[in-house]
Amino acid sequence: MGLLDRIGVRSPWILHFDTGSCNGCDLEVWALLTPRYDVERFGGVNRANPKQADILLITGPVTKKCEDRLRNLYEQVPEPKLVMACGNCASTGAPFHNCYNVCQGVDKVIPVDVYVPGCAARPEALIDGLIKALSMWEEKARAAREVKG
Amino acid sequence: MVLLAIAIFIIGPLLVGLSMGLDRRITARLQNRRGPPLLQPFYDIAKLFSKRPLVLGDLQGMFAVFCLAFQAAAFGLFALGGDLVVAFFISSMGAVFLVLGAYSTPSPYSHLGANRELLALLAYEPVLFLVIIAVGVNGSFLAGEVSRDLLGRIPLALLALVPVLVILLEKSPYDIPAAHQELATGPYVEYSGPYLAVLELGRWYQLAFVYGIATLFVWGDSAITDVAFKLILPFALLFAAIVIDNITARLTRRRMVSFMLTAGVGLIAVNLVVSYLTGVI
Ligand code: SF4
């Protein structure tokens, strides 16, 4: 299993979900998937399907309407899984601090592994975050197996 | 002989996996990207096997396993030099299990994908079947004993394999069932983890079978040239499919079926009629 986990790092399938961002961070996430930043170099592809995803790229401050949907998506992703909060909104909800209609960040709803700051988060920072998140993959995979066993 | 068959049975799908990696790289280069490593499809399969299994009911997982078993049996029969028609029917059965697996879940995306997969079957199966018939009437239906002059006798049948491959590889203009933009991979949408990997392996075996039929068209004089020709031809077909993928947009499902049932079937029919009239068969 250890070998499979080590190989698994090389194939992070992505699910991108916008929880009510201004679209600034979404554009930057999309820049990862297009030729300029080509995240497929690291094996990453956008599956647009939670059941086949390994890493969730979440943007936006999580509006109250989106809360359940985000939780639902997270629960559909089979273990092991990683969550990346992309941008200031997703990390802390900062630009929308104290707004009545937002949850103030992704980690108020689901556990987050990596926070990428920036308004908007730059694609270079997002790639850094992705690599950082993937460095936790083996540990996550082991933990997931222990829970099951 | 049996050892050779076992070697082909194992190496065939591995080569298909490698060709998938090459496909992703070439596509990336055509789009001015660097693309993933050549072994990426193998990484993906290994990763999928390490994920926690998740199925919606017993049937879904069972159909995936059956799909792999039937496709592997079809390719195994081919590797042993067995009857091409029987191998074809076993392989079709495997494709039907993919559809059944997609129908066994309550998801509308999955059902739409299954409907379209059935249409794709309707489009490519008759052409593939006719290719096998054309191979058979020119010598033998046994994969181990086919005529060595197929390229000279039925060149149009080889040409007809190109659109078949375009459909099987899920490439434009006929990536109807998977339809990444609107159906999010169609029949595969409700599969995840190890079961998705099993289905993918099934697809590798199915492609290995179709590439295998293509390799029957070329023969070399010595063992080395023989193997070289048999390797180059499938990669040439794949390259044609990649180019077609990158220069066309998706057509409607009706156009797919009507093209295959007219142009695809027509090509082989013309070839066979000409062969018959000139007294070759
Ligand atoms: S962090 Fe800034 S750019 Fe990103 S979604 Fe929030 S407001 Fe928009």
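In what follows, chains are A, B, ... by sequence order, proteins preceding strands, each numbered from 1. Remember, predicted model here, so these are calculated numbers, not experimental data. Heavy atoms only: backbone and side chains are in, while hydrogens, waters and symmetry mates are out.
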From B:D44 atom CG to A:Q52 atom CD, the distance as rounded to the nearest 0.5 Å: 11.0 Å
CG (A:N101) with more than 12 external heavy atoms under 6.0 Å: yes
Among A:R36, A:R41, A:E40, the one residue meeting side chain to side chain contact (heavy atoms under 4.5 Å, CB included) with B:R33: A:E40
A:V45 versus chain B, the contacting section by heavy-atom distance below 4.5 Å: side chain
Polar side-chain atom of B:Q31 near backbone of A:P35 as donor-acceptor pair, under 3.5 Å: no
Partner residues of A:P123 under the side chain to side chain contact (heavy atoms under 4.5 Å, CB included) criterion, sequence neighbours left out: A:E28, A:A31, A:L32, A:Y37
Any donor-acceptor N/O pair, B:Q40 side chain to A:R10 backbone, under 3.5 Å: yes
Heavy-atom donor-acceptor pair, A:D5 side chain to B:S50 backbone, under 3.5 Å: no
Donor-acceptor contact present, side-chain B:K51 to main-chain A:P80, <3.5 Å: yes
Atom CG of B:L59 with >12 non-hydrogen neighbours under 6.0 angstrom: yes
Residues, nucleotides or ligands: over 12 heavy atoms within 6.0 Å of B:D58 CG: no
Heavy-atom donor-acceptor pair, B:K47 side chain to A:S11 backbone, under 3.5 Å: yes
Nearest-0.5 Å distance, CG of residue B:L48 to CH2 of residue A:W13: 4.5 Å
Greater than 12 external heavy atoms within 6.0 Å of B:R255's CZ: no
B:L39, part contacting chain A, at a heavy-atom distance under 4.5 Å: neither
Note, B:Y43 side chain near A:V9 side chain (heavy atom, < 4.5 Å): no
Segment of B:I45 engaging chain A (4.5 angstrom heavy-atom cut-off): neither
Over 12 non-hydrogen atoms of neighbours within 6.0 angstrom of NZ in A:K132: no
Closest heavy-atom pair and its distance - A:N49, B:V189: ND2-O, 2.9 Å
